There are 4 protein chains.
Amino acid sequence: MAYRRSALMQERLADNRERILAAARRRIAAQGYRGMQIAAVAAEAGMSTGMIYRYFRSKAELFVEALSAAIGQELKLLNAIADGPGSARQRLYAAVECFTRRALAGPGLAYAFIAEPAEAEVDAARIEVRQRLGDVIKRILRQGIDAGEFPPQDVDASAACIVGAYTEALIGPLAPRAERVKDRDRLTRAICDFCVRAVSAPADGRGRP
Amino acid sequence: MAYRRSALMQERLADNRERILAAARRRIAAQGYRGMQIAAVAAEAGMSTGMIYRYFRSKAELFVEALSAAIGQELKLLNAIADGPGSARQRLYAAVECFTRRALAGPGLAYAFIAEPAEAEVDAARIEVRQRLGDVIKRILRQGIDAGEFPPQDVDASAACIVGAYTEALIGPLAPRAERVKDRDRLTRAICDFCVRAVSAPADGRGRP
Amino acid sequence: MAYRRSALMQERLADNRERILAAARRRIAAQGYRGMQIAAVAAEAGMSTGMIYRYFRSKAELFVEALSAAIGQELKLLNAIADGPGSARQRLYAAVECFTRRALAGPGLAYAFIAEPAEAEVDAARIEVRQRLGDVIKRILRQGIDAGEFPPQDVDASAACIVGAYTEALIGPLAPRAERVKDRDRLTRAICDFCVRAVSAPADGRGRP
Amino acid sequence: MAYRRSALMQERLADNRERILAAARRRIAAQGYRGMQIAAVAAEAGMSTGMIYRYFRSKAELFVEALSAAIGQELKLLNAIADGPGSARQRLYAAVECFTRRALAGPGLAYAFIAEPAEAEVDAARIEVRQRLGDVIKRILRQGIDAGEFPPQDVDASAACIVGAYTEALIGPLAPRAERVKDRDRLTRAICDFCVRAVSAPADGRGRP
DNA sequence: CATGAATGAGAATTCATTCAT
DNA sequence: TATGAATGAATTCTCATTCAT
């Protein structure tokens, strides 16, 4: 063990790390992982590419840390809400609202959590597919509302939520590994129930602040 | 054009197209768009790279067609359900169930509709982030169930649905463009209401077949 | 020696050959050698790519024959003029006029004799270089005309001719191999004299029909 | 930016650019734009292909710069001559001489300004076509000289100049757009007059230094 | 320590040519 | 004999990562 790092150096090191992470965050928000070229991050951070590798072992590691750093703040807030006062319903409402509000205000970084932009043509195809899935849902919702089966609601938002709900539940990391037929059935039923309940229950505003 | 194409050749041509699409589908299921290298598809289909370009103008076009072909069948089924008999609730249930069931049975292709895989490390980070978001939700749900506020339910599935719902509603193509503060507020409220309703209503099984 | 080809077959063969050459000519006129893809020629000629290779050993050979065929007619006319009646001056005038007039009327095939289109950027650069060379010449010509040293003339055409004259004389296939300094000097002097004479002599219309 | 670039590094950078341009120049002189493959240039310059792209955005840009660099010096000299002292005739003579002399001394790069080499066979055909055009002209010239109509002159050079003059005037970028019949007639006449004058006037050496 | 020049492994795409049918 | 499907070599360009200075 030779010298201790002086406080100054420590600080500088920490500083650089932060600057790199911030630069990466900006690039990710703008272009996703693919747009986060090391050279671009370095330029944005005002340093050399070599410097990046002094603080991060690889591009992937930098991305992971940038992602974690960005989401860390959100998680802190969400956890505070979860552990805070109020009924569960109120806290659920507050948690979703908190994330949603911040994401809508912020600089699109949320995108990086979910999907990776590809060529325009490919993105366009994905968008279209999701829109067509959503269109079917919207049609059903409108009919149900007209028939008085569902309470009035924002069908665009509901349809988006439904498509998001079942795709995430199916393929997302939260999806319970459903390898046996029985498990699959249970998962399917849970998802369907979730969606039906969400659109059926009266919008009584329960939970709203 | 002197000779007519023999039936055999016609068949082979159609065959090739199908073989390419099938090969692409396999690659996409395994690795997403990025893993769908032309050379890999060609190898998987047992032909030369040049052949791919006889049937598809570009890599992106091949992806789009593979995507469309795969989703086309689903959409047909969903539309039939939407336009079919039964209450809206029943049809919504049936639609979600149909997609879900088939996706769970199928070969992970659905993944490609949603997210673009990157390096393993990056994917892992995305997964973790979503899991941690889900964990918060699960904690709230469990507390609510214990307190009798929420009916008993599959908290894993519900949490996944919630995370999926708000991410899709926020960033997906279905998301209403929310540029004014007022619009954002309305969207946020719609999402929150959706989620709260979904977990609050009694699982009365309405809509189940 | 097996069978003789029937007259019919001979004709058909000749027919195909002509059709291919004509198709190639059209493609060359449109896009130069690079645009003369075998597949495009075949399509234009209404036959298969394989057929092309029954009549021409390679793409290059087809180009060469198409070029020769196209220029053959011109050469016939030019030779007739050269061997015809009239003073040398009249015949030179007639020869140049003949080629020029036909080229101006025709479908740009002449281009293929000289230069091969490349990427737009590259072509643009070449054009600019030649224009700037021409600009210098034009400036001198205008000054000379104003000073009464040169007779009035179309300076655009004269400049083009001069640039064409010396570049061709230098690098074209007609350029005498000038490897010794003495030869180079003689060539240089001949070119310069040519250009100066061309712009200095009064446009007395000698030779005009 | 912590460190300043050392003089040494600066030099190396400039060096690389020059080395690439020189390597490109050599390849172009040998094979034209088509022979200027990035890999070949990199090999010739003794570096990796990636390096090329650090200095030039694309293959086309490299070509354009190599072209411009080579021609820039020539244009400077020509402009100096055009703006210098002496009669217009003397300056025209000097300008043509300057370019000619230098091109004859240099490494065939001039070729790239004019024509885009293709396969050897194709080039050979082009050469032959031009030679045959030149042969007709030469025949006329010789007859005219024998008949005393034209003064003695280097018929090879004159023929080359004539072929160059009318091809450039016809198809080159300097060619006035001749879309109406009237314009074409005027252009044709200007070219013919130019050529006839050039070979008819006595070689009185006017303009020679 | 900091730099950024240098590397080189890929990846997409084109097209002349061949040959089974 | 005529077809056109099939091949695959060649070429441009990108970017994560390294390492001499």
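For clarity, every value in this text was computed on a predicted model and none was experimentally measured. Quick note: numbers below take in every heavy atom, side chains included, and nothing from hydrogens, waters or symmetry partners.
Distance CD (D:E121) to P (E:dT17): 10 Å, rounded to an integer number of Å. C:E61 places its CD atom 14 Å from the C1' atom of E:dA16, with the value rounded to the nearest Å. Remark: P of F:dA2 and CE of C:M51 are 4 Å apart, rounded to the nearest angstrom. As a whole-Å value, the separation of D:I20 CD1 from E:dT7 P is 10 Å. Going from atom CZ of D:F56 over to atom C1' of F:dT12 covers 16 Å, rounded to whole Å. In this structure, A:E119 places its CD atom 14 Å from P of E:dA11, rounding to the nearest Å.
Atom-to-atom distance recorded for A:E61:CD and A:Y53:OH is 10.5 Å, nearest 0.5 angstrom.
If D:Q37 and B:G46 are placed on DNA chain F by their nearest nucleotide, the residue sitting closer to the 5' end is B:G46. Nucleotides of DNA chain F nearest to A:R34 and A:G50 differ in position, and the one nearer the 5' end is that of A:R34.
Contact between the side-chain N/O atoms of A:N16 and the OP1/OP2 oxygens of E:dC1 is not found at any separation under 4.0 Å. Dashed line: the shortest gap from a side-chain N or O of A:S48 to OP1 or OP2 of E:dG4 is not under 4.0 Å. Using a 4.0 Å cut-off, no side-chain N or O of D:Y33 falls inside it from OP1 or OP2 of F:dT11. OP1 and OP2 of F:dT14 both lie 4.0 Å or more from every side-chain N or O belonging to D:Y53. For the OP1/OP2 pair of E:dA2 and a distance below 4.0 Å, the side-chain nitrogens and oxygens of A:R54 include at least one atom meeting the criterion.
Among the heavy atoms of the strands lying under 4.0 Å from B:T49 is at least one base atom, whether or not backbone atoms are also near. Using a 4.0 Å heavy-atom cutoff across all strands shown, A:I38 reaches at least one base atom of the nucleic acid.
Minimum atom distance to the side chain of C:S58 is reached by E:dT17, of the listed E:dT13, F:dT12, E:dT17.
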ask   = Taking it one step at a time, do C:R17 and C:E65 satisfy salt bridge (Lys or Arg N to Asp or Glu O under 4.0 Å)?
value = CA-CA 10 Å; C:R17 217 165 192 284; C:E65 292 226 24; 3.1 Å; yes
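With a cut-off of 3.5 Å on both pairing distances, the Watson-Crick or G-U wobble partner of E:dA20 is F:dT3. F:dC13 is paired with E:dG10 under the criterion used here, namely a Watson-Crick or G-U wobble arrangement in which both key atom distances are under 3.5 Å.
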